[in-house]
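Order of listing sets the numbers, starting from 1, for every ligand and every atom in it. If you're wondering where the values come from, they're calculated on a predicted model, not measured in any experiment.
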Amino acid sequence: MLIIHNAGQLCTMPLHDNGPQRGKRLGDVGLIEDGAIAIRDGNIADIGTSNDILTRHPDAETVIDAGGKLVTPGLVDPHTHVVWAGNRASEFERRIAGATYQEIMAEGGGIAATMRDTRAASLDDLIAQSLPRLLSMMRQGATTIECKSGYGLDTQTEIKILDAIVALNNALPVDLVPTFLGAHALPPEYRDDVDGYVDLVVNEMLPAVTEWKAVNWADKPLFCDVFCETGAFSLDQSRHILETAKALGFDLKIHADEFDALGGTALAVELGAASADHLVATTDEEIKLLGESDTVATSLPPTPFGLGHHHFTRASEMLAQNAVLAIATDCNPGTAWCESLQLSMAIATRYLKLTQAQALAACTVNSAFAIKRGGQVGTLQPGALGDVVIWQVDDYRMLGYRFGANLVDTVIKRGEIVHSYESG
Ligand code: NIG
Ligand code: FE
């Protein structure tokens with residue numbers, strides 16, 4: 001047994017009625033002062049004050065003194081595209097000079113540029129390029145990370161990316177959650193034939209990925225996502241892909257309202273998707289629908305920031321309508337090469353007007369529901385995974401306030417120390 005005690009603030013990030021923290025109730029940190037956690041066989045066994053825990057478990061093999069610092073659950077990043085090859089620094093230079101993301105995409109750059117590099121990379125190279133990013137995310141506090149495919153755009157390369165995700169999941173102590181995003185963009189060979197590509201996704205890729213799952217990811221959830229956007233996939237095409245995926249047993253996600261409101265959020269709610277993500281241009285009616293549903297509204301604050309845009313998710317309206325709000329990094333080489341949920345929190349406090357407590361809940365207890373791991377990660381309750389971050393600060397209100405520094409001291413995954421500030 002491992003005990004972590006002397007947490008000046010232990011934020012348990014509790015569930016509400018066995019579910020996420022909905023609407024304006026977001027931001028319940030479940031504070032225990034001078035708190036402690038007992039972890040047995042990788043799972044949380046007990047939680048309470050230091051005195052209670054040390055008295056109840058006198059024979060723990062390992063005892064960590066948190067030194068009066070803040071202790072929280074490991075962070076949960078529910079939306080990333082972290083497995084890719086190459087970079088798009090030259091496109092970023094053009095965007096600084098005024099070119100828009102959509103213009104570059106229409107010229108065959110953007111996602112298609114990363115697709116070319118990702119197709120050309122061997123599996124080993126793809127793993128080697130992605131590994132440091134995932135390590136960096138972990139060192140900044142993430143212990144569960146969703147990872148999308150979507151830079152292959154042909155069956156073989158999409159499967160190669162999924163293979164890379166499984167290999168990285170095995171190589172790293174963090175848990176990765178794979179998502180198939182074959183409908184991320186149109187590859188050049190289908191430039192004038194969107195319907196032909198949708199047919200390929202539906203009739204070839206989805207069945208191939210279903211077979212892949214049976215061998216490589218059996219009994220674990222696999223998501224299917226679609227980029228529903230002007231210049232990517234229409235509402236009807238998104239529906240066709242997601243309905244087919246649902247019938248094959250996939251859990252669903254959607255990229256909706258990043259730039260234009262096409263109805264993707266209503267579609268996500270209708271199909272019972274785990275989450276609808278981006279949600280910048282979301283309409284009032286769809287915010288209401290989110291509030292009446294269990295579909296998590298996943299905001300990606302680094303993305304508008306990364307694009308230099310001024311519009312962010314309408315978080316206050318979503319909370320007023322009782323929606324379940326989560327935040328992620330969206331780590332990707334185009335809009336937001338961001339490896340830090342701490343930075344996502346910092347942007348969310350300023351531009352989504354979340355309190356520090358709300359921002360923390362949005363990337364712990366609530367983001368777990370966006371990947372169907374609610375109650376298992378992102379919260380410190382008996383039975384949940386022993387995923388814990390000890391911070392260098394002693395007040396949760398430092399998170400989202402300070403930025404540009406990594407405030408993590410120690411990362412613990414399933415009861416094992418996997419990173420500590422002192423050892424680098
Ligand atoms: O979430 N919107 C689509 N996908 C990514 C961008 C991917 C890229 O530009 O490489 C996003 O912003
Ligand atoms: Fe994305």
- Given side-chain contact (heavy atoms from CB on, under 4.5 Å), test I327 with L300 step by step and report yes or no. CA-CA 6 Å; I327 60 170; L300 313 171; over 6 Å; no
Would you please determine whether [X] falls within less than 4.0 Å of ligand 1 on a heavy-atom basis?
X: R88; value: yes
X: D330; value: yes
X: E229; value: no

For [atom], what's the nearest protein heavy atom and its distance?
atom: atom 7 (C) of ligand 1; value: Y151 OH, 3.2 Å
atom: atom 4 (N) of ligand 1; value: H184 NE2, 2.8 Å
atom: atom 2 (N) of ligand 1; value: E258 OE1, 2.6 Å
atom: atom 12 (O) of ligand 1; value: T335 OG1, 2.8 Å

- Item | Centroid-centroid distance, F312 to F305, less than 6.0 Å | no
- Option from N332, D330, D277 for which side-chain hydrogen bond (donor to acceptor under 3.5 Å, both in side chains) with T303 holds: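 Among N332, D330, D277, the one that satisfies the side-chain hydrogen bond (donor to acceptor under 3.5 Å, both in side chains) with T303 is D330.
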- Item | 2.8 Å cut-off met by an N, O or S atom of D330 to the Fe ion (ligand 2) | yes
- Message: Strictly under 2.8 Å, is the Fe ion (ligand 2) approached by any N, O or S atom of H278?
- Response: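 Looking at H278, which is the residue asked about, there is no N, O or S atom under 2.8 Å from the Fe ion (ligand 2).
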- Message: Please list, in number order, the atoms of ligand 1 under 4.0 Å from a heavy atom of H278.
- Response: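 Near H278, the atoms of ligand 1 are 1 (O), 2 (N), 11 (C), 12 (O).
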- Message: Within the 4.0 Å heavy-atom shell around N332, which atoms of ligand 1 are there?
- Response: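 Reading through ligand 1 atom by atom, the close ones are 5 (C), 6 (C), 7 (C), 8 (C), 9 (O), 10 (O), 11 (C), 12 (O).
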- Do F223 and K372 pass the side-chain contact (heavy atoms from CB on, under 4.5 Å) test, and can you show the C-alpha distance, the side-chain angles, and the key distance before you say yes or no? CA-CA 10 Å; F223 292 88; K372 296 208 141 192; 3.9 Å; yes
- Message: Quick check for you: to the nearest 0.5 Å, what is the distance between H419 atom NE2 and T143 atom OG1?
- Response: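 It is 13.0 Å, given to the nearest 0.5 Å.
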- Query: Can a salt bridge be assigned to the pair D387 and R414 using a cut-off of 4.0 Å between side-chain N and carboxylate O?
  - Reply: no
- Salt-bridge criterion met for R314 and D284 (N-O under 4.0 Å):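 Yes.
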- Task: Among the N/O/S atoms of H81, select the one at the shortest distance from the Fe ion (ligand 2) and name it.
- Result: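 Minimum-distance N/O/S atom of H81 relative to the Fe ion (ligand 2) is NE2.
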- Message: Please identify which of these residues, L126, D125, L131, meets the side chain to side chain contact (heavy atoms under 4.5 Å, CB included) condition with Q129.
- Response: D125
- Task: Report yes if H81 has an N/O atom closer than 3.5 Å to an N/O atom of ligand 1; otherwise report no.
- Result: yes
- Query: Regarding R133 and the six-membered ring of W84, is the cationic atom NZ or CZ under 6.0 Å from the ring centre and inside 45° of its axis?
  - Reply: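 Yes - R133 lies over the ring of W84, closer than 6.0 Å to its centre and within 45° of its axis.
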- Query: Side chain, backbone, both or neither: which part of Y101 comes within less than 4.0 Å of ligand 1 when only heavy atoms are counted?
  - Reply: side chain
